[in-house]
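Working notes, beginning with the structure itself.
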Amino acid sequence: MSKFKKNFLWGGATAANQLEGAYNKDGKGLSIADVLPGGPKRFEIVNQPDFKFEIDEGTYKYPNHLAINHYERFKEDIEMFAEMGFKVYRFSVAWSRIFPQGDENTPNEKGLKFYDQVIDECLKYGIEPVITISHYEMPLNLVTKYGGWKNKKLIEFYERYSNVVLNRWYKKVKYWMTFNEINSAQHFPIMSQGLVNSNGALDKKNVFQAWHNQFVASARAVKIGHELDKNLQIGAMILYGTSYSIDANPKNQMANLENNQEFNNFCGDVQSRGQYPAYTKRYMKKYGVKLSDLDITKEDLKQIKEGTVDYIGFSYYMSTVTDITGTENKKATGNFIGGSVNPFLKSSEWGWQIDPMGLRIALNELYDRYQKPLFIVENGLGAKDEINEKGEIDDYYRIDYLKQHIQAMSDAVDDGVDLMGYTPWGCIDLVSASTGQMSKRYGFIYVDLDDDGNGTMNRYKKKSFNWYKNVIKTNGETL
Ligand code: BG6
């Protein structure tokens with residue numbers, strides 16, 4: 001018997017800047033993602049002291065500009081999602097399609113019309129849209145003119161934007177998320193906060209101020225949504241990396257507790273409980289910051305209290321290890337969030353440590369902490385796929401990864417966790433966020449395109465396509 005609810009939300013997830021392409025069409029303004037060079041060195045490049053937030057086609061490639069041209073091919077893509085039996089499709093709205101500069105008073109109607117069509121196409125097949133309001137694609141002007149999220153003016157701009165999109169689609173879209181992986185700024189504040197070394201990322205005070213502004217903005221969006229319809233479900237979205245201590249040394253245990261609080265819990269605690277957690281002071285002190293250094297008003301705190309989220313959305317790809325005593329301090333490489341190597345786990349080709357049990361632990365930790373429904377809105381294996389002599393893409397390694405993670409979800413449900421749904425990442429191949437590569441693929445659907453932009457962009461079903469279709473059909477019973 002399936003452990004999952006009858007109406008479990010099976011589906012897939014994407015983000016506008018990673019699949020739409022059409023980066024300057026129909027009035028779209030540039031977003032922060034449009035100036036990120038392709039390739040594994042993208043974060044290094046943007047953190048050079050002279051980084052200018054400009055497109056430099058002479059030096060770099062920008063795979064996101066064309067991406068997989070979902071902007072023109074969305075009907076074909078959604079038809080394939082429907083064939084797999086998706087109940088939901090998580091995608092993001094590109095803020096810079098709606099407000100090209102971010103600070104205008106009137107939205108760009110052409111941008112809104114594009115998402116009208118995407119939403120209607122989903123609904124035609126009975127697929128419920130799940131919208132991320134901001135997924136690593138803030139308008140570039142908000143970075144160059146205002147300095148990114150550390151500026152309080154952004155609260156107002158985000159409020160205007162979320163007001164427009166919520167009003168436009170609240171009758172058609174029940175599930176929303178305010179910010180993708182809001183906690184990711186601890187490690188790479190460029191994508192969610194618009195901060196790099198040259199404009200303030202090195203001073204952690206700016207990151208904390210930016211978070212605070214985002215907490216207020218998120219709370220206002222939740223409030224707007226609930227005033228439109230109290231049944232709207234508006235969630236947080238946390239990048240969760242289950243974290244273990246390397247050993248029983250109390251020093252490592254304590255450091256691991258701190259890592260968990262600061263990375264995995266801090267943002268969710270504010271967004272879900274409506275107040276800063278007790279350990280905030282200690283967390284900030286580590287970086288020489290005091291709460292009183294920040295611009296936080298009573299009204300802000302009131303709004304944060306009033307705008308708590310309905311559910312906890314999170315991404316889960318890997319676990320990490322804390323080792324401050326240095327007994328076993330070989331660092332895991334290639335992943336977003338660092339940590340040491342776990343000798344019990346294998347890693348993906350990009351160094352992400354694969355840990356299905358870590359997902360069961362994450363689900364239990366999050367549910368114990370918040371007692372709110374959980375939604376796994378990203379999970380998956382980034383891997384290189386090849387078309388074999390028979391013309392097939394046999395991604396058995398991806399099936400294996402997903403199978404084990406869905407089993408872990410089922411076990412967590414048995415543990416008593418309230419799990420709403422599961423939308424594996426990059427259900428169709430798209431451009432990687434951390435490395436800007438096409439060759440790091442997650443999809444059930446293969447897109448014929450390489451890292452240099454060569455290929456037909458035709459879509460092909462991988463072996464995992466029919467496998468996942470059957471998982472959905474049997475509500476997770478047959479893996
Ligand atoms: C999450 C992001 O961090 O992980 C996605 O929300 C991203 O935007 C995904 O694509 C996978 O990471 P990557 O770097 O392999 O694309």
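Atoms within each ligand, like the ligands themselves, are counted from 1 in listed order. Given the structure is predicted, the values throughout are model-derived calculations rather than measurements.
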Tell me which protein heavy atom sits closest to [atom], plus the residue, atom name and distance to 0.1 Å.
atom: atom 2 (C) of ligand 1; value: E378 OE1, 3.3 Å
atom: atom 3 (O) of ligand 1; value: E181 OE1, 2.6 Å
atom: atom 15 (O) of ligand 1; value: Y442 OH, 2.5 Å
atom: atom 10 (O) of ligand 1; value: Q18 NE2, 2.9 Å
atom: atom 9 (C) of ligand 1; value: Y317 OH, 3.3 Å
atom: atom 7 (C) of ligand 1; value: A433 CB, 3.6 Å

Ligand 1-proximal atoms of [X], by part, heavy-atom distance under 4.0 Å:
X: W425; answer: side chain
X: N180; answer: side chain
X: W352; answer: side chain
X: S434; answer: both

From the list Y161, F179, F157, ring pair (Phe, Tyr, Trp, His ring centres under 6.0 Å) partner of W95 resolves to Y161
Hydrogens and angles aside, do [X] and [Y] bring a side-chain donor and acceptor to less than 3.5 Å of each other?
X: E392; Y: Y460; answer: no
X: D448; Y: T456; answer: yes
X: T435; Y: R42; answer: no

Would K172 and D116 count as a salt bridge (charged side-chain N to carboxylate O under 4.0 Å, His left out) if you check the C-alpha gap in whole Å, the side-chain angles of each, and the deciding distance to 0.1 Å? CA-CA 10 Å; K172 294 179 174 181; D116 284 345; 5.8 Å; no
Side chain to side chain donor-acceptor pair (under 3.5 Å) partner of N379, chosen from Y316, Y422, W425: Y422
Please list, in number order, the atoms of ligand 1 under 4.0 Å from a heavy atom of S432. 13 (P), 14 (O), 15 (O), 16 (O)
If we number the atoms of ligand 1 from 1 as shown, the ones under 4.0 Å from a heavy atom of K440 are 13 (P), 14 (O), 15 (O)
For a side-chain contact (heavy atoms from CB on, under 4.5 Å) check, start with the C-alpha distance between Y125 and F86, then their side-chain angles and the critical distance, and finish with the verdict. CA-CA 9 Å; Y125 295 106; F86 279 19; over 6 Å; no
Less than 4.0 Å is my threshold; does some heavy atom of H135 fall inside it relative to ligand 1? yes
Only residue of K461, K463, K440, K462 satisfying salt bridge (charged side-chain N to carboxylate O under 4.0 Å, His left out) with D385 is K462
